[in-house]
Amino acid sequence: MAESVQIIDHEDCASWIELSKSAIIKNINTYRSQIDSHIVLGGVIKGNAYGHGFQEILECMHSYVDILFVISPSDAFKIRKYEKENELIQKRVIVLGAISPAEAVLCARKVIEVAITGPFWENFIPELRQCEKEKGNSYRPLKAHLHVDTGLSREGFMLEEIQTKLNFLKENNDLIYVQGVMSHFANTEDVTEQSYAFEQLTKLDKAYDLITAELNIGYKLEKHIAQSASTLIIPDSHYDIARIGISLYGLWPSNETKLSAKVVKSELPSLKPVLTWKCRSQSIKKISAGTYIGYGCSCRADRDLRVALFPVGYFDGYPRLLSNKGYALVNGIRCKILGRVMMNHIIVDVTEATRENTSEVVATLLGKDGNESVSAEQIADWAQTINYEVVTRIAPHLKRMVVD
Ligand SMILES: *Cc1c(COP(=O)(O)O)cnc(C)c1O
């Protein structure tokens, strides 16, 4: 007789992520209210949608933003696939990161726009030429945004070298259609006075005027540089497109941005965090005073305790720096993490949050429970990093679900 093995569903013994679609929509509307109606609002969904989950966020956001920004062409192709399968209108998609010649051809075919960020793009030409030959009249030029390095020293062309690139673009204007000129800020979220940002804007203006004059084209190029922080605090940065990342997920780019917004705005815009991270306990047990807890015996019970073991650890993106420092919420009460955060486990003091006979609890690792909350900023503070990194590092293997 065949033995029947009961497979335990992995989801039942792992932490999970809950996403609020209504919070995303609220944050999008908040940003729309900050910009003129002719300015195009883009949602940035790089880094697995800031760790929130690419596919889930795509499905929540697609119909509410005007453009979707990604780093890799493969994510752009996923967007086109999703649109096709669901018979949705194609949104504008812009790839911000590096692309290969073969990917450039695919982007041209699928009407995906790309950022031209460095000299490698000259390698696109032979492949695009080949594609044009094959397609004849139905060839659509690759739409491109010239990335100008105005002070971040990351991707993009320096102001001084643009001139030489333009000749090349002019020669190949049947293959590449220049759609816009873009740049990226270096320090808007790190400071409360924005002189460096204004220097960047001046450089972008210069580059834009040069490119417009040299390309001698009969249409207006788009200009864009704004992200979450500058859209709120530097109206001069809005231009044609706002590329909003972190704040569509309900998070402030930094405290400095929040302080600046308080000064600039009569009313501080309200952002609603989209993500909650939860975990069901694996077991609860009593530990008597004097017992060591966790690797390294770094914690010792100072009294009799009830502790819960949770199947979450640094493998899942829960920072090890929260060892003996962070807390999780159980029944609306802050509960300390005892000992070290392990690869797949944490141990939490639930003495105050449970009763003698409690056999199972659900902890909120990030998010709200009753009147208490653990914010991404709080975790970032414990882990000596920024909220961007905290959420982006939440492992892709965890299950995401859209809850409202
Ligand atoms: C990440 C990114 C953004 C979005 O920045 P946020 O601070 O998350 O709003 C915009 N533009 C570029 C080029 C980026 O890399």
Side-chain angles (χ1 to χ4, degrees), residues 24 27-28 30-32 34-35 39-52 54 57 61 65-73 75-76 92-99 113-118 144-157 179-191 194 196-197 200-201 203-204 207 222-234 237-258 260-261 269 271 273-275 376-377 380 385-394:
I24 295 176
N27 298 327
I28 292 173
T30 297
Y31 264 79
R32 286 227 187 261
Q34 301 293 319
I35 54 178
I39 294 166
V40 172
L41 187 105
V44 182
I45 52 175
K46 65 189 181 190
N48 195 26
Y50 290 59
H52 287 55
F54 180 84
I57 293 297
M61 214 183 257
V65 294
D66 307 314
I67 305 186
L68 289 157
F69 286 92
V70 294
I71 284 286
S72 72
D75 279 348
R92 287 182 65 186
V93 175
I94 303 183
V95 176
L96 293 168
I99 51 178
E113 301 167 44
V114 303
I116 292 187
T117 59
H145 298 254
L146 285 185
H147 195 132
V148 181
D149 181 355
T150 56
L152 178 60
S153 300
R154 198 175 72 179
E155 72 270 63
F157 298 99
Q179 171 86 23
V181 179
M182 64 180 289
S183 192
H184 193 41
F185 281 121
N187 73 338
T188 50
E189 32 315 67
D190 295 272
V191 293
Q194 299 292 349
Y196 196 74
Q200 289 194 265
L201 291 182
K203 284 190 186 156
L204 177 60
E222 291 175 317
K223 193 196 292 191
H224 50 113
I225 186 168
Q227 23 66 320
S228 296
S230 83
T231 301
L232 293 182
I233 60 181
I234 311 175
S237 73
H238 290 180
Y239 297 120
D240 300 307
I241 304 173
R243 312 186 300 254
I244 314 299
I246 195 85
S247 293
L248 292 193
Y249 305 94
L251 305 179
W252 281 87
S254 68
N255 250 333
E256 286 78 2
T257 305
K258 207 169 181 175
S260 303
L271 297 173
V274 167
L275 180 150
E377 292 71 31
T385 182
I386 52 174
N387 53 6
Y388 288 77
E389 188 183 352
V390 168
V391 289
T392 305
R393 280 185 177 277
I394 297 174

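It should be emphasised that the depicted structure is a prediction, and the values quoted were computed from it without experimental measurement. Atoms within a ligand are numbered from 1 in the order they appear, just like the ligands themselves. For this chain, numbers begin at 1 and follow the sequence in order.
Side chains of T188 and Q227: a donor on one and an acceptor on the other come within 3.5 Å. Donor-acceptor pairing under 3.5 Å is recorded for the side chains of S254 and T257.
Counting the atoms of ligand 1 from 1 in the order shown, those under 4.0 Å from a heavy atom of Y50 are 1 (C), 4 (C), 5 (O), 6 (P), 8 (O). Every atom of ligand 1 is numbered from 1 in the order shown, and the set under 4.0 Å from a heavy atom of I246 is 6 (P), 8 (O), 9 (O).
For Y196 (side chain) and G151 (main-chain N/O), a donor-acceptor pair under 3.5 Å exists by modelled atom type.
Looking only at protein heavy atoms, the nearest one to atom 11 (N) of ligand 1 is R243 NE, 2.9 Å. Distance from atom 9 (O) of ligand 1 to its nearest protein heavy atom, with residue and atom name: S228 OG, 2.5 Å. The closest protein non-hydrogen atom to atom 12 (C) of ligand 1 is H184 CE1, 3.3 Å. The protein non-hydrogen atom at the shortest distance from atom 5 (O) of ligand 1 is Q227 CB, 3.5 Å. Distance from atom 7 (O) of ligand 1 to its nearest protein heavy atom, with residue and atom name: Y388 OH, 2.6 Å. If you check which protein heavy atom lies closest to atom 15 (O) of ligand 1, you get K46 NZ, 2.7 Å.
The CD1 atom of I241 sits 4.0 Å away from atom CD of E222, with the distance rounded to the nearest 0.5 Å.
Inclusion of G245 in the set of residues having an N or O under 3.5 Å from an N or O of ligand 1 is warranted.
Using a 4.0 Å cut-off between heavy atoms, H145 makes no contact with ligand 1 at all. Proximity of F69 to ligand 1, defined as any heavy-atom pair under 4.0 Å, is not found for any part of the residue.
Side-chain contact check for L96 versus H147: every heavy-atom pair is 4.5 Å or farther apart.
Every residue meeting the salt bridge (charged side-chain N to carboxylate O under 4.0 Å, His left out) condition with D66, not counting sequence neighbours, appears here in chain and number order: R32.
Contact between P253 and S247 at its shortest, heavy atoms only, is CD-OG, 3.6 Å.
Between H224 and H145, the ring planes are perpendicular. Angles over 60° get that label, and only those under 30° would be called parallel.
In this structure, R154 counts as a contact residue of ligand 1, since one of its heavy atoms falls inside 4.0 Å of the ligand.
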